[in-house]
Amino acid sequence: MVRRTRAEMEETRARLLQTARKVFSERGYADTSMDDLTAQAGLTRGALYHHFGDKKGLLAAVVDQMDAEMDARLRAISEAADDAWEGFCRRCRSYLEIALEPEFQRIVLRDARAVLGGASPESQRHCITSMQQLIDNLIREGKVAEVNSQVLASLIYGSLVEAAFWVADARSNSIDSGARLVQGVAALELLLRGLRVNS
């Protein structure tokens, strides 16, 4: 039996993630066979089983990777703003805008919800904690009224997630995703205005 080095194992894992992300994005989870996926990666089913357990485990890892990338993008958006309130608002709007990106829409907003029930509890906690920190800062600055920031972060996060699903699910309605995004952003801005002190 050939023993693999840590670097080789990490390369195999990364190749499986990269291939799965591409194939899931193009075909969707349901229409992706493990044999085709591993063949495209130039690997065996055994490698997939070793690193992810099964196809569902591979999808969960892809979603975690994409969630981490999205969090970094959103953090950069809020940190780049001159004003903490505007940074918070831009971050929330950007989350809805990301719902129009085909890869995110298909893998995270459709397949992950159908197959995994949504983001992992760890990812959800991370997002809520990140939002809570921003809200704590806004409360300290006197821009948002004193309130339990964890509860408020949970409410806003849940609202954003459901609105993103709604934007992405335009297939089932006569309104296209772009029009849904405009409506979603308008509703979001109304919600956010209600948080401001003396707004």
Side-chain angles (χ1 to χ4, degrees), residues 21 59-114 116-173 175-199:
R21 192 163 163 172
L59 175 64
V62 168
V63 170
D64 285 345
Q65 181 185 64
M66 292 178 71
D67 278 345
E69 290 172 8
M70 182 184 62
D71 184 61
R73 284 172 63 185
L74 295 174
R75 191 171 50 252
I77 287 165
S78 56
E79 289 173 357
D82 294 330
D83 172 79
W85 173 253
E86 185 54 36
F88 181 73
C89 292
R90 283 184 195 165
R91 180 186 180 119
C92 292
R93 280 192 303 270
S94 295
Y95 185 88
L96 292 184
E97 291 165 359
I98 290 170
L100 291 186
E101 295 178 8
E103 181 185 50
F104 185 80
Q105 194 176 91
R106 179 139 207 189
I107 296 173
V108 176
L109 297 177
R110 292 189 182 142
D111 287 346
R113 189 175 207 190
L116 307 171
S120 70
E122 297 80 24
S123 176
Q124 291 175 17
R125 275 193 298 275
H126 177 77
C127 290
I128 291 169
T129 299
S130 179
M131 185 164 284
Q132 182 181 356
Q133 291 167 351
L134 294 172
I135 292 169
D136 283 334
N137 185 42
L138 291 169
I139 291 170
R140 278 192 300 275
E141 290 185 5
K143 294 181 178 176
V144 170
E146 285 282 341
V147 68
N148 182 311
S149 59
Q150 183 178 13
V151 173
L152 184 56
S154 297
L155 283 168
I156 295 170
Y157 169 76
S159 298
L160 286 171
V161 169
E162 287 304 314
F165 286 133
W166 182 78
V167 168
D169 195 34
R171 304 170 299 164
S172 65
N173 195 291
I175 305 171
D176 71 18
S177 290
R180 281 188 170 213
L181 175 63
V182 170
Q183 293 174 1
V185 168
L188 171 66
E189 288 174 354
L190 179 64
L191 177 77
L192 293 176
R193 278 198 304 271
L195 301 179
R196 288 296 305 265
V197 171
N198 299 323
S199 59

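FYI, the numbering just counts along the sequence from 1.
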Inter- and intrachain pairs under salt bridge (Lys or Arg N to Asp or Glu O under 4.0 Å), touching residues 122-135, at least two apart = E122-R125
ask   = Under the side chain to side chain contact (heavy atoms under 4.5 Å, CB included) test, which residues partner E86, sequence neighbours left out?
value = D83, R90, R93
remark   = Taken to the nearest 0.5 Å, the spacing of L134 CG from R91 CZ works out to 5.0 Å
ask   = Are I156 and I135 close enough, and set up right, to give a side-chain contact (heavy atoms from CB on, under 4.5 Å), and what steps lead you there?
value = CA-CA 10 Å; I156 295 170; I135 292 169; 4.1 Å; yes
request  = Give a yes or no on whether a salt bridge exists between D71 and R75, defined as a side-chain N under 4.0 angstrom from a carboxylate O.
outcome  = yes
ask   = How many angstroms lie between atom CD of E141 and atom CG of D136, to the nearest 0.5 angstrom?
value = 11.5 Å
inquiry  = Working to the nearest 0.5 angstrom, can you tell me the gap between L59 CG and L116 CG?
reply    = 4.5 Å
query = Okay, side chain of S78, backbone of F88: is any donor-acceptor separation there less than 3.5 Å?
reply = no
message = Distance check, rounded to the nearest 0.5 Å: L74 atom CG versus D67 atom CG?
response = 10.0 Å
key: Any side-chain heavy-atom pair of V161 and Q124 under 4.5 Å   = no
task = Could you walk me through whether Q183 and W166 pass side-chain contact (heavy atoms from CB on, under 4.5 Å), step by step?
result = CA-CA 10 Å; Q183 293 174 1; W166 182 78; 3.2 Å; yes
query = Can you name the residues that form a side chain to side chain contact (heavy atoms under 4.5 Å, CB included) with A164, not counting sequence neighbours?
reply = Y95, L96, A99, L109
task = Provide the closest heavy-atom pair for L100 versus Q105 in the form atom of the first, atom of the second, distance.
result = CA-NE2, 3.9 Å
ask   = So, for L192 and C89, which heavy atoms are closest and what is the spacing to 0.1 Å?
value = CD1-SG, 3.8 Å
Counterpart residues, side chain to side chain contact (heavy atoms under 4.5 Å, CB included), relative to E146 (two or more places apart) = I139
Inter-residue atom distance Y157.OH - Q150.CD, 0.5 Å rounding = 13.5 Å
ask   = Can you tell me how far OG of S149 sits from CZ of R140, rounded to the nearest 0.5 angstrom?
value = 9.0 Å
ask   = Are L152 and V144 side-chain neighbours, meaning at least one heavy-atom pair lies under 4.5 Å?
value = yes
Considering all heavy atoms, the nearest I128-S154 contact = CG2-OG, 3.7 Å
query = Within a strict 4.5 Å, meaning less than it, do heavy atoms of the S120 and V63 side chains meet?
reply = no
request  = State, to 0.1 Å, how close L160 and C92 come at their nearest heavy-atom pair, and which atoms those are.
outcome  = CD2-O, 3.6 Å
ask   = Going by an N to O cut-off under 4.0 Å, is there a salt bridge joining R73 and E97?
value = no
key: Residue pairs involving residues 155-164 (criterion salt bridge (Lys or Arg N to Asp or Glu O under 4.0 Å); sequence neighbours excluded)   = R113-E162
remark   = For R21 and I107, the nearest pair of non-hydrogen atoms, with its separation, is O-CD1, 3.5 Å
ask   = Which residues pass the side chain to side chain contact (heavy atoms under 4.5 Å, CB included) test with T129, sequence neighbours left out?
value = Q133
